[in-house]
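This report concerns only the one structure given below.
Just so we're on the same page: letters track the sequence lines, and every chain starts at 1.
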There are 2 protein chains.
Amino acid sequence: MQLDERKYRILQAIIDDYIMTAMPVGSRTISRKSGVGFSPATIRNEMSDLEELGYLAQPHTSAGRVPSYKAYRLYVDHLMKTCKLTSDERERMHEHLMSRSKQVEGVIRSAANVLSDATKYTSVIVAPKLGTLRIKHVQLVPVAERTALMIIVTTAGIVKDAVIRVPEGLDADDLYGISRILTQRLADQPLAGVRQAFADLLKNAEQNRKLLGEALQVIEKRLEQGGDASDVIVGGSANLLEYPEYSDVNKARSFLSVLESKDTLRQLMGREGSMEVSIRIGPENQVPELNDCSIVTASYRVGDHSTGTLGIIGPTRMNYNRVISVLDFMGRALSDVLSEYK
Amino acid sequence: MQLDERKYRILQAIIDDYIMTAMPVGSRTISRKSGVGFSPATIRNEMSDLEELGYLAQPHTSAGRVPSYKAYRLYVDHLMKTCKLTSDERERMHEHLMSRSKQVEGVIRSAANVLSDATKYTSVIVAPKLGTLRIKHVQLVPVAERTALMIIVTTAGIVKDAVIRVPEGLDADDLYGISRILTQRLADQPLAGVRQAFADLLKNAEQNRKLLGEALQVIEKRLEQGGDASDVIVGGSANLLEYPEYSDVNKARSFLSVLESKDTLRQLMGREGSMEVSIRIGPENQVPELNDCSIVTASYRVGDHSTGTLGIIGPTRMNYNRVISVLDFMGRALSDVLSEYK
DNA sequence: CGTTAGCACTCGATGGCGTTGAGTGCTAAC
DNA sequence: GTTAGCACTCAACGCCATCGAGTGCTAACG
C-alpha cells in the first residue's frame, strides 16, 4: 500500500493536532478541521490504513490515534511546512543575545536562555571542541611558591586555565619570559597540533624542560578529556515539566538526571560537520532516558576552524517547525557575535 | 505552659520520625519507640499540649501530627544530636574533591557534586564576591583589529575576562607593555579598591588614556553587577524530586525555576561574615517558592580576604544533622584546597 | 494526681460498581 | 468511493460502602 495525497494530508492534520494537544486524535476532530472535506467515517478508514502502515497507534481500542516515531520522521522530512520568525521576534532575540556580549561564556549563556525562552523547551549549547581551537596567547602567572596558573587564550577569546607546578626559584619575570616564548612558538597552532610544536620547543630549552613538560601534559590532558562541565550549558530545564508527558515525577527525574550529566549531553549533541539542522527523534537517540524525546541540533561557527553545537530537547511531539526556525536563526546569530572577536 | 523534659523528648521523637518517613506521626508510633516508656494515651495528651503551643499541627482530625516550623527551629537549636562523619566517608569526599583540582572552577563543581551526592539534596556553591579578591595579574591579548581580551587573574587563581575595545594601531607588543604596567600598578589591590589605583595610573599615561578608561569601566561594571551566572553552581537539582513533598509537578517546577535564577540564588545564599553553619527554615527565607524548604549554608575561605558560600537546599524535614556535618567538613576541605593556590 | 485502658468518633484512603461518552469497526445504502 | 447508522469497547468519573489509623474523652487504677 502506498501513501496517496489524501493520506499525507490526514496524517499531517493528525500530527499537527497531536503536537498541540497531546491527546489522542479522533476521526471527528480531523473531519471538522478545515481543509480536509471528508466525513469521519472516511477518515476512519484512512486512519486504519495508516495504523497498519505503522504511522499511527492506538493507546486503547476506544481512543483516538497517536502518531508513531515513523510518522514524526515522515513529518519532519516531507510534510512539515516551514514558518518564518517575525522580524520583530528576530530582533528581540538578537538584542537579548547581545546583552552580555563582553564575555564568550556570557554570550553562550544568553543564547541558551534565548533558546529555551523562545521554544519553551530545554536548550543545550556545547562549546567548540578544544582541539579545533587555535592558540592566541599563553600566559604563566605565579600564584604561590612553585605553583603557577597557565592561561591559554584561544580563538574567539575563549580562555582556559590550569594550575601547574613549576621548578623552584622561578620568579614572576622568569615566567613572563617563558610565557613570551610559549606564545611566540604556539601562536596560531591548533590546540590539537600542540604536541609537535611543544616537542620542538623542548629541544632548545634545556633548563626549563621540566616546566615545559608539565605545561604540555596539562594541555594534552585537557584535549583528551575533551572539555569540562562548563563547556556544556543548559537552559530552561524546568520548561519540560510544563508538558503532560512529564507529569509523572519519575520521568521528570530521570530527564533531569540526564541534564546533569554533562558528558552524556556532549555526546548526545555530537553531530557531523554540516551546518544543517539535524533532528533525532525518540528512539533514534541512544540514551534510553530520552527515548520519548526529540533532539534538534544546529551548529555555530567560532573562528575559521571550529564549530560548536546548539540544540533543543523536547517531547517527540515538539513543535519542530518553530524549533528549527529558532535554531537556524540563533546558529547564525551566535556565529556572528562570536566571530566579531575572531 | 513550659516545655518539660518529657515534652522535649517526645517532640524530638516525632521530628526524627517525620524526617525519616514524611508521614504524620501518631501516638502509637512514638509510644512503641524505645526510650520513651509511656502509653499512647499519655503521648496523646502531651501531643495535644505541643499542638496548643504551636509545635505540632494536624493535617486533619484523624491523622497524626506534623512538626511546625517552630518545632524545627527548636530542634536545630536545642534538640538535635550531632553526628560525626566516618573517617572513611571524609576520605572519599576529599578524594573526589581533589579529582579535578587543576582548575578552581573544576574544584567548585566537584564540591557541588560531592555535597549533593552525600546529602541527597540540592547543593549550591557561590564563588567569593569579586570585590574582595586581590588582583594578581592583568593581561591584554589582541583578538581582532581594535579588540582585545582583558584577563584578570585574582586570588587563588580565579580568572575573569572581558572583551574590550582598544584604540587603533596598538599591536601585540604595545598591549604586552600596557599589561605589564597594569599588573605592576594593580597587583595585590583588592578589586574593590581598583578605582583609586586606576585614577592614579591615568594621570601618568596620557596617550593610552582611552584604553585605560575602558579597562577601568569594564572592571567596575563587573564589580557592581556582582558576578555572573558562572559564579553560582548548582548540583543535584534532580535530587529533590525523590521526596514526596515534590511529587506534585507544579511544586517541582517552581523549585527548579528558582534554581535557574542565579541572581535569586546568590541573594538567598548571602550570609554574615561568620564561618558558622547557618540554617534558615521554611518561611525564614524570603523567596516564596522556597517557603517549605530549608537552606543550610556554610562559608569557605579563598585567600586571606575572601569567603564564598556553600549550601544545601532541601525540604524543611531535611536531615539537618547530617547536612550540617557534611557542610562543615566540606567548608574546611574547600578552603584547604583553594588556599593551596594562595 | 499522673497514667492508662477503653470506647466512640472522625475522616482520608481504598476498592467495587454503574454510568457516561469519545471513539472505533463494520455494514449497508447512496 | 463515500457516508450514515449502529453496535461495541473501554478509560474516566462519580458514588458509596468499607476500612483503619488516629484522635479526644472518660473513667478506673496505683
Side-chain angles (χ1 to χ4, degrees), chain A residues 1-11 13-15 17-18 20-68 71 244-245 247-248, chain B residues 1-11 13-15 17-18 20-68 71 244-245 247-248:
Chain A
M1 183 161 26
Q2 222 1 59
L3 290 183
D4 57 16
E5 178 59 22
R6 193 169 73 184
K7 281 194 173 55
Y8 278 132
R9 289 250 301 279
I10 290 174
L11 186 54
I14 292 173
I15 297 177
D17 189 274
Y18 188 71
M20 276 184 19
T21 65
M23 303 278 282
V25 187
S27 52
R28 256 179 69 85
T29 318
I30 298 304
S31 168
R32 268 200 309 263
K33 241 187 182 168
S34 67
V36 189
F38 295 100
S39 79
T42 311
I43 308 282
R44 274 205 291 281
N45 289 328
E46 296 287 45
M47 284 168 103
S48 186
D49 289 352
L50 285 168
E51 181 168 2
E52 209 169 315
L53 289 164
Y55 292 106
L56 295 178
Q58 276 186 300
H60 56 265
T61 330
S62 73
R65 255 80 169 199
V66 163
S68 71
E245 29 273 88
S247 56
D248 175 21
Chain B
M1 187 161 23
Q2 220 5 54
L3 290 183
D4 57 17
E5 180 57 21
R6 194 170 71 186
K7 282 194 173 56
Y8 278 132
R9 290 249 299 280
I10 291 173
L11 186 55
I14 292 172
I15 297 177
D17 190 274
Y18 188 72
M20 277 184 17
T21 65
M23 304 279 282
V25 187
S27 52
R28 252 180 73 85
T29 318
I30 298 305
S31 168
R32 268 200 309 263
K33 241 187 180 169
S34 67
V36 189
F38 294 101
S39 78
T42 310
I43 308 283
R44 275 205 290 282
N45 289 329
E46 296 288 44
M47 285 168 102
S48 186
D49 290 351
L50 285 168
E51 181 167 1
E52 209 169 315
L53 289 164
Y55 292 106
L56 295 177
Q58 275 185 301
H60 57 265
T61 329
S62 73
R65 256 80 169 199
V66 162
S68 69
E245 29 272 88
S247 56
D248 175 20

Rounded distance (Å) that lies between atom P of D:dT2 and atom CD1 of A:Ile10: 10 Å

Side-chain N,O (B:Arg65) to OP1/OP2 (D:dT23) below 4.0 Å: yes

Touch class at under 4.0 angstrom, heavy-atom based, for B:Thr61 against every strand present: sugar-phosphate

Under 4.0 angstrom between B:Arg44 side-chain N/O and C:dT3 OP1 or OP2: no

Length of the CG-C1' vector between B:Leu56 and D:dG22, whole Å: 14 Å

B:Ser247 OG to A:Asp248 CG distance, which is reported to the nearest 0.5 Å: 10.5 Å

Complementary nucleotide of C:dG2, counting Watson-Crick and G-U pairs under 3.5 Å: D:dC29

A:Ser31 side chain vs A:Ser27 backbone, donor-acceptor pair below 3.5 Å: no

Nearest-nucleotide pick for A:Arg6, side chain only, options being D:dT2, D:dG24, C:dT4: D:dT2

Integer-rounded Å distance: D:dG24 P and B:Leu50 CG: 12 Å

Watson-Crick/G-U partner (both atom distances under 3.5 Å) of D:dC6: C:dG25

Side chain of B:His60 (C-beta onward), nearest among D:dT2, C:dG12, D:dC10: C:dG12

Of B:Ser39 and A:Thr29, the one whose closest DNA chain C nucleotide lies more 5': B:Ser39

Proximity to the side chain of A:Phe38 - top-ranked nucleotide from D:dT2, C:dT24, D:dG24: D:dT2

Pair assignment for C:dG16, Watson-Crick or G-U wobble, requiring both distances under 3.5 Å: D:dC15

Out of D:dT2, D:dT9, D:dG24, whichever nucleotide has its closest atom nearest the side chain of A:Ser62: D:dT9

Reported CD1-to-CD1 distance for the pair A:Ile43 and A:Ile14, which is rounded to 0.5 angstrom: 8.0 Å

Under 4.0 angstrom between B:Thr42 side-chain N/O and C:dT4 OP1 or OP2: yes

CD on B:Gln58 to CE on B:Met47, rounded to 0.5 Å: 8.0 Å

Listed nucleotide nearest any side-chain atom of B:Gln58, set C:dT4, D:dT23, C:dT24: D:dT23

Separation of C:dT24 C1' from A:Ile14 CD1 (nearest whole Å): 13 Å

Atom-pair distance (CG on B:Asn45; C1' on D:dG22), nearest Å: 14 Å

Rounded interatomic separation in angstrom, taking CE from A:Met47 and P from C:dG23: 9 Å

Distance, rounded to the nearest Å, where B:Glu52 contributes CD and D:dG24 contributes P: 11 Å

Sole candidate of A:Glu51, A:Glu46, A:Glu52 that passes salt bridge (charged side-chain N to carboxylate O under 4.0 Å, His left out) when paired with A:Lys7: A:Glu46

Along DNA chain D (nearest heavy atom to each residue), the more 5'-positioned of B:Ala63 and B:Ala41: B:Ala63

Min side-chain heavy-atom separation B:Ser48-B:Arg65 under 4.5 Å: yes

Atom pair distance, as rounded to whole Å: CZ in B:Arg28 and C1' in C:dT4: 14 Å

